[in-house]
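One structure is given here, and the rest of the page talks about it.
Both backbone and side-chain heavy atoms feed into the values below; hydrogens, waters and symmetry mates do not.
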Amino acid sequence: MVMLSELNQMNQAAFTTELGAIFEETPAIAHATWAYRPFEDVDQLHQAMVDVMRSLSPDEQLELIRAHPDLGSRAKMADASVEEQTSVGLDQLTPEEYDDIQSLNDVYKERFEMPFIIAVKRHTKASIFSEFRQRLTHSPEQEVRQALDEIAVIAKFRLTAQVESAE
């Protein structure tokens, strides 16, 4: 946990190191957000980071989206992603659930050319499966927007866990 007052005093390199993992494998967002200091609270910091994310080029946004791991994956992923997926039991899928989520991942990636992204901390395992199926009906443009919205929510959870506003 780092104090917001400390973040406000950090140089750009230290700030980027501290917050570089908030957006999956995209420390450039933290790097660019540094210029908007000082932040009054975590909400203002979050909004600045989301604004930077939304200002990325479409290709950079796709890179950010594609940096996220597949749900239920047994592949190596960032510690925050492991914790988030574990919190809803995606690390303890039955063989049938594992096959189902792998199939959904494959169909989704074939259709949208990116991983399915959802802020799992707002869901249960059942609601994730339901949302997965429902979002397969979206257009590619809808899914890019939805993925970025979900990434913003994930970033808020990560910031809240990492940054303390008041001393």
Side-chain angles (χ1 to χ4, degrees), residues 1-73 75-88 90 105 108-109 112-124 127-128 131-132 134-135 138-167:
M1 185 71 82
V2 65
M3 299 304 296
L4 184 64
S5 57
E6 293 173 60
L7 282 172
N8 283 330
Q9 299 302 313
M10 288 180 181
N11 65 34
Q12 192 171 28
F15 185 93
T16 301
T17 298
E18 188 66 44
L19 299 181
I22 297 297
F23 288 81
E24 199 89 12
E25 296 181 26
T26 312
I29 293 173
H31 186 82
T33 302
W34 176 84
Y36 298 99
R37 296 167 309 116
F39 302 103
E40 292 181 23
D41 55 31
V42 174
D43 288 339
Q44 189 182 46
L45 169 60
H46 175 252
Q47 188 58 57
M49 294 186 94
V50 169
D51 290 347
V52 168
M53 175 194 74
R54 295 207 186 274
S55 73
L56 296 173
S57 72
D59 286 343
E60 291 168 323
Q61 288 177 347
L62 273 176
E63 276 184 50
L64 169 62
I65 293 167
R66 289 176 178 151
H68 285 75
D70 289 344
L71 287 183
S73 172
K76 176 79 174 117
M77 62 180 87
D79 290 344
S81 291
V82 171
E83 187 275 321
E84 290 156 3
Q85 291 198 28
T86 298
S87 72
V88 292
L90 293 179
N105 279 325
Y108 188 93
K109 283 193 295 192
F112 299 112
E113 299 180 351
M114 62 187 198
F116 175 78
I117 298 175
I118 190 166
V120 296
K121 286 189 173 193
R122 296 190 309 180
H123 290 274
T124 64
S127 71
I128 289 169
E131 185 78 5
F132 217 141
Q134 190 274 324
R135 284 177 46 193
H138 286 179
S139 71
E141 296 78 19
Q142 284 175 301
E143 269 312 287
V144 167
R145 283 192 304 274
Q146 184 70 45
L148 293 172
D149 290 347
E150 296 290 332
I151 289 169
V153 173
I154 293 165
K156 180 64 179 256
F157 284 128
R158 291 178 180 182
L159 275 174
T160 302
Q162 189 170 334
V163 179
E164 179 71 41
S165 280
E167 307 245 349

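The two atoms that bring Pro115 and His68 nearest to each other are CG-O, 3.4 Å, heavy atoms only. Closest non-hydrogen pair, Gln61 versus Met53, comes out as NE2-O, 3.4 Å. The shortest heavy-atom contact between Glu25 and Pro27 is C-CD, 3.5 Å. Scanning all heavy atoms of the two residues, the minimum distance from Arg158 to Ala21 falls at NH1-O, 3.3 Å.
Asp51 meets the salt bridge (Lys or Arg N to Asp or Glu O under 4.0 Å) test with no other residue; sequence neighbours excluded. In this view, Glu60 and Ser57 satisfy the side chain to side chain donor-acceptor pair (under 3.5 Å) rule, not counting sequence neighbours. Residues passing the salt bridge (Lys or Arg N to Asp or Glu O under 4.0 Å) test with Glu150, sequence neighbours excluded: Arg122. Under the side-chain contact (heavy atoms from CB on, under 4.5 Å) criterion, Arg145 pairs with Glu141, Gln142, not counting sequence neighbours. The side chain to side chain donor-acceptor pair (under 3.5 Å) search around His31 returns Gln12, Thr16, not counting sequence neighbours. In terms of the side-chain contact (heavy atoms from CB on, under 4.5 Å) criterion, residue partners of Ala32 (sequence neighbours excluded) are, by chain and number, Val52. Thr26 meets the side chain to side chain donor-acceptor pair (under 3.5 Å) test with no other residue; sequence neighbours excluded. Remark: Asp149 engages Arg54 in a salt bridge (Lys or Arg N to Asp or Glu O under 4.0 Å) (not counting sequence neighbours). Applying the ring pair (Phe, Tyr, Trp, His ring centres under 6.0 Å) test to Phe112 and every residue at least two apart in sequence or in another chain returns Tyr108. With sequence neighbours left out, the side chain to side chain donor-acceptor pair (under 3.5 Å) criterion links Ser55 to no other residue.
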Residue pair Arg66, Glu113: steps toward the side-chain contact (heavy atoms from CB on, under 4.5 Å) verdict
CA-CA 8 Å; Arg66 289 176 178 151; Glu113 299 180 351; 3.7 Å; yes

Using side-chain contact (heavy atoms from CB on, under 4.5 Å), reason through Trp34 and Leu19 one step at a time and then give a plain yes or no.
CA-CA 10 Å; Trp34 176 84; Leu19 299 181; over 6 Å; no

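A salt bridge (Lys or Arg N to Asp or Glu O under 4.0 Å) check over residues 9-21, counting only residues at least two apart or in different chains, returns nothing. For the salt bridge (Lys or Arg N to Asp or Glu O under 4.0 Å) condition, the pairs that include at least one residue of residues 36-48, sequence neighbours left out, are Asp43-Lys156.
Between the side chain of Asn105 and the main chain of Leu71, a donor-acceptor pair closer than 3.5 Å is present. A donor-acceptor contact shorter than 3.5 Å links the side chain of Arg135 to the backbone of Ile117. Checked by atom type and distance alone, the side chain of His46 pairs as donor or acceptor with a backbone atom of Ala152 at under 3.5 Å.
The side-chain heavy atoms of Ile118 and Val153, taken from C-beta on, include no pair separated by under 4.5 Å. Asn8 has its side chain within reach of Phe39: a pair of non-hydrogen atoms, C-beta onward, lies under 4.5 Å apart.
In this structure, CG on Leu45 lies 13.0 Å from OH on Tyr36, to the nearest 0.5 angstrom. Summarising the geometry, atom CE belonging to Met1 is positioned 8.5 Å from atom CD belonging to Gln162; distances are rounded to the nearest 0.5 Å. Note that CD1 of Ile65 and CD of Glu24 are 12.5 Å apart. Values are rounded to the nearest 0.5 Å. The CG atom of Leu64 sits 7.0 Å away from the CG atom of Leu56 when rounded to the nearest 0.5 Å. The CG atom of Leu7 lies 9.0 Å from the CG atom of Leu159; values are rounded to the nearest 0.5 Å.
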